[in-house]
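Keep in mind that the numbers below use all heavy atoms, side chains included, and drop hydrogens, waters and symmetry copies.
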Amino acid sequence: MSSPSTPHPAEGPRAARGRPPRLDQGRTARAALDLLDEAGLDALTMRRLADAVGVQAGALYRHFATKQDLLTVMAERMLEGCSAPPPEGDWSERLTVLAHRMRAALLAHRDGARVYAGTHSTGANTLGFAETLVGVLREAGFRDEDAARAVLAVVNFTVGHTLEEQAALQPGDSAAAEAGPAEVGPADPDRLRRAVAAQDFPHLTAALPVLTSTDFAAHFAFGLNLLVQGLRATERNGPAGAAEARP
């Protein structure tokens, strides 16, 4: 992926004189992320992005054959910096740092997890992050297949958790806004409390303080710890989970 360039003040919407600004993939991805933060994923269209970078919409398709291609480049850019080796420590501590790093990268952009989900970038940021994750586990002695599946579990948990977190805390999309106020806005804990109180759900009643909590950092840390403890059990299972001796 090319490095982003700083737009010249004369760039932006097409100038009255001279040639239109040259379309640069890095600058376009940055503009797309800016639009994402401003209006959300549902409002991010190729036409709106073309206006932001000062080109005709058709010009974008020379770099991005589909909107999914654009999202893949945006996802790649979001992971910039995530692949740096974590601080020294136990493998579980290093894995935890990397998972938190990915969550922070997705949370840094509105609908960041929705953008990332379903993309399959082969760029340096994405592959570098995966390389670091796999490396932490292989160096700790996990078999190759266990390390690979562990990485899939950690990434899928992180993306899924962040999807729910952002959906709960961010406003609804424009389509929902047109449907009426009841369909818009962050999740309403009182709605769940009222529904549980109206029926006989003693176990849910006992769990409500946590179920209605918006301390998503604590929710994430708990779920991630469950994964880590499961990996520890795999590590203890000898030949089924531990690594074979390496030269």
Side-chain angles (χ1 to χ4, degrees), residues 1-4 25-26 29-30 33 68-69 71-109 111-166 210 215-247:
M1 179 174 173
S2 58
S3 300
Q25 192 181 77
R30 183 176 62 191
L33 287 172
Q68 186 62 34
D69 290 340
L71 297 182
T72 298
V73 173
M74 292 168 65
E76 163 70 10
R77 187 176 180 87
M78 283 192 293
L79 289 191
E80 186 173 4
C82 288
S83 62
E88 292 299 322
D90 179 74
W91 66 263
S92 61
E93 297 170 351
R94 306 185 82 209
L95 185 72
T96 298
V97 167
L98 290 168
H100 279 280
R101 192 182 288 173
M102 182 181 193
R103 172 175 172 263
L106 299 181
L107 287 175
H109 295 283
D111 292 331
R114 284 183 63 198
V115 170
Y116 186 89
T119 60
H120 303 283
S121 172
T122 54
N125 293 332
T126 303
L127 295 185
F129 181 67
E131 169 75 6
T132 303
L133 271 172
V134 173
V136 164
L137 292 168
R138 291 185 73 245
E139 290 166 7
F142 286 87
R143 295 190 307 173
D144 293 348
E145 64 180 272
D146 292 334
R149 291 195 173 107
V151 167
L152 289 174
V154 169
V155 169
N156 289 340
F157 167 71
T158 302
V159 174
H161 181 280
T162 312
L163 272 169
E164 293 294 332
E165 180 174 357
Q166 291 186 313
V210 172
D215 188 354
F216 289 100
H219 299 333
F220 182 76
F222 184 87
L224 183 59
N225 184 59
L226 289 181
L227 283 174
V228 168
Q229 294 308 315
L231 286 171
R232 286 199 184 281
T234 299
E235 187 182 28
R236 289 193 298 267
N237 281 340
E244 298 167 357
R246 303 185 190 281

Separation of Thr72 OG1 from Tyr116 OH (nearest 0.5 Å): 10.0 Å

Verdict with supporting geometry, Arg94 and Glu88, side chain to side chain contact (heavy atoms under 4.5 Å, CB included): CA-CA 7 Å; Arg94 306 185 82 209; Glu88 292 299 322; 4.0 Å; yes

Gap between atom CG of Leu231 and atom CG of Asp146 - 0.5 Å precision: 8.5 Å

Distance (rounded to the nearest 0.5 Å) between Cys82 SG and Leu106 CG: 7.5 Å

Nearest atoms (heavy-atom pairs only) where Ala147 meets Arg138: CB-CG, 4.0 Å

Worked verdict on Asn125 versus Met78 for side chain to side chain contact (heavy atoms under 4.5 Å, CB included): CA-CA 8 Å; Asn125 293 332; Met78 283 192 293; over 6 Å; no

Residue pair His219, Phe216: steps toward the ring pair (Phe, Tyr, Trp, His ring centres under 6.0 Å) verdict: CA-CA 5 Å; His219 299 333; Phe216 289 100; 5.7 Å; yes

Side chain to side chain donor-acceptor pair (under 3.5 Å) partners for Asp90, two or more places apart: Ser92, Arg232

Within 6.0 angstrom of Arg101 CZ, more than 12 heavy atoms from elsewhere: yes

Gln68, CD: over 12 other non-hydrogen atoms inside 6.0 angstrom: yes

Side chain proximity check, Asp215 to Phe222, heavy atoms < 4.5 angstrom: no

Distance-minimising heavy-atom pair for Thr158 and Ala99: CG2-O, 3.9 Å

Thr122 backbone acceptor or donor facing Glu76 side chain under 3.5 Å: no

Within-4.5 Å side-chain heavy-atom neighbours: Thr126 and Thr119: no

Test log, rule side chain to side chain contact (heavy atoms under 4.5 Å, CB included), inputs Trp91 and Val228: CA-CA 10 Å; Trp91 66 263; Val228 168; 4.2 Å; yes

Verdict with reasoning, Val151 to Leu137, per side chain to side chain contact (heavy atoms under 4.5 Å, CB included): CA-CA 9 Å; Val151 167; Leu137 292 168; 4.1 Å; yes

Separation between CE of Met102 and CZ of Phe157, rounded to the nearest 0.5 Å: 12.0 Å

Least distance between heavy atoms, Val154 atom then Leu227 atom: CA-CD1, 4.1 Å

Point-to-point distance, once rounded to the nearest 0.5 Å, from CZ of Arg149 to OG1 of Thr234: 11.0 Å

Parallel, tilted or perpendicular: rings of Phe220 and His100 (30°, 60°): perpendicular

For Thr132 against Ala84, the heavy-atom pair lying closest together: CG2-O, 4.3 Å

Within-4.5 Å side-chain heavy-atom neighbours: Val115 and His109: no

Heavy-atom pair of closest approach, residues Arg77 and Ala29: CD-CB, 4.1 Å

Non-hydrogen atoms of Pro87 and Val97 that approach each other most closely: CD-CG1, 4.1 Å

Value rounded to 0.5 Å, distance of CG in Leu163 from CZ in Arg114: 8.5 Å

